[in-house]
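Here the structure is laid out as structure tokens; the discussion comes afterwards.
Positions are given from 1 along the sequence.
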Amino acid sequence: MTAVLFDFSGTLFRVESTESWLRGALAEGRMELGEAELAEAARGLEAMGALPGGVGPSWLPEDVASVWGVRDKSAELHRAAYTGLSRHVQLPDDRLHDLLYDRHMTPAAWVPYPDTAEVLRTLRERGVRVGVVSNIGWDLRPVFREHGLDRYVDAYVLSFEHGIQKPDARLFAAACAALDVDPRDVVMVGDDRRADGGAAALGCAVHFVDHLPAPQRPDGLRPVLDLVGGAARANGSGPDTDE
């Protein structure tokens, strides 16, 4: 294998909890909320799926449904979708909806999985190229830089920058082109079987991880090293696509 493509949220990084997200936005806006009210608001935001990278919506309001399926194609659609969800939760100040959205784009809102640095560093040491392919509406590069991981990434292919979102094979093709690799020599690693599984259409191998809080998945990425190592010893034949 000559390259590995990784998804971002739920694969390499995990977003903070909904309560932490709300506390961060309140601090940024210099607002206060009692503990009972904060807990109630956090529950409402989580039920609505208003935190990008967190739990999905339990239902889609009519005003959000029209943009939900294409939200990752542009920054404007992404913001509209998630602030639209949060506006269905009663908050003490209307400014909080944009403050919450802005908060989730900060490096402080994200934590790498415990084995992310080890796996990325080992791939670099082995000469395996690394790309990040994400359905997202904002530039995640500062997150990687802040956590000291940008040095291990050779290319970022982000849906909002291309106007294409996974599982569209064109996004994976763009990543392979950016890395100058044959898709048949690539493994795509992600947590979403539909979105990330789209890489199989190009001939990429696909490996899935569980979308879990970081403490609950201490070594979910390490099998990737065995897949790549095994493939290298087999003169370039990749692992089978997960079903």
Is there a donor-acceptor pair closer than 3.5 Å between any side-chain N or O of [X] and the backbone N or O of [Y]?
X      : Y      : answer
Ser58  : Met48  : no
Asn135 : Lys166 : yes
Thr116 : Tyr113 : yes
Asp168 : Arg170 : yes

> Glu46 and Thr18: side-chain donor and acceptor closer than 3.5 Å?
Replying inline: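 Looking only at side-chain atoms, Thr18 and Glu46 do form a donor-acceptor pair, the distance falling under 3.5 Å.
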> For Arg14 and His211, does a side-chain donor sit closer than 3.5 Å to a side-chain acceptor?
Replying inline: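 Result is yes, a qualifying pair exists.
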Side-chain touch [X]/[Y], heavy atoms, less than 4.5 angstrom:
X      : Y      : value
His147 : Phe13  : yes
Leu12  : Leu221 : yes
Cys176 : Asp182 : no
Val153 : Leu149 : no

> Taking it one step at a time, do Thr83 and His97 satisfy side-chain hydrogen bond (donor to acceptor under 3.5 Å, both in side chains)?
Replying inline: CA-CA 6 Å; Thr83 57; His97 302 292; over 6 Å; no
> Would you call the rings of Trp138 and Trp110 parallel, tilted or perpendicular if under 30° counts as parallel and over 60° as perpendicular?
Replying inline: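 Taking Trp110 first and then Trp138, their aromatic rings sit tilted (interplane angle of 30° to 60°).
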Should we count [atom1] of [X] as having more than 12 external heavy atoms under 6.0 Å?
X      : atom1 : answer
Glu161 : CD    : yes
Glu125 : CD    : yes
Glu118 : CD    : yes

> Is the centre of the Trp68 ring less than 6.0 Å from the centre of the Tyr82 ring?
Replying inline: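 So the answer is yes for these two rings.
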> Hey, would you say the His104 and Tyr101 ring centroids sit under 6.0 Å apart?
Replying inline: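 Under 6.0 Å, so yes.
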>> Between Leu96 and Met31, does the side chain to side chain contact (heavy atoms under 4.5 Å, CB included) criterion hold? Intermediate values first, please.
In response: CA-CA 9 Å; Leu96 267 172; Met31 303 175 193; 3.7 Å; yes
> So which heavy atom on Gly220 is nearest to which on Val209, and how close?
Replying inline: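 Gly220 and Val209 have their closest heavy atoms at O-CG1, 3.5 Å.
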> Distance under 6.0 Å and angle within 45° of the ring axis: does Arg124 meet both against Tyr152?
Replying inline: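 Not flagged: Arg124 not positioned over aromatic ring of Tyr152.
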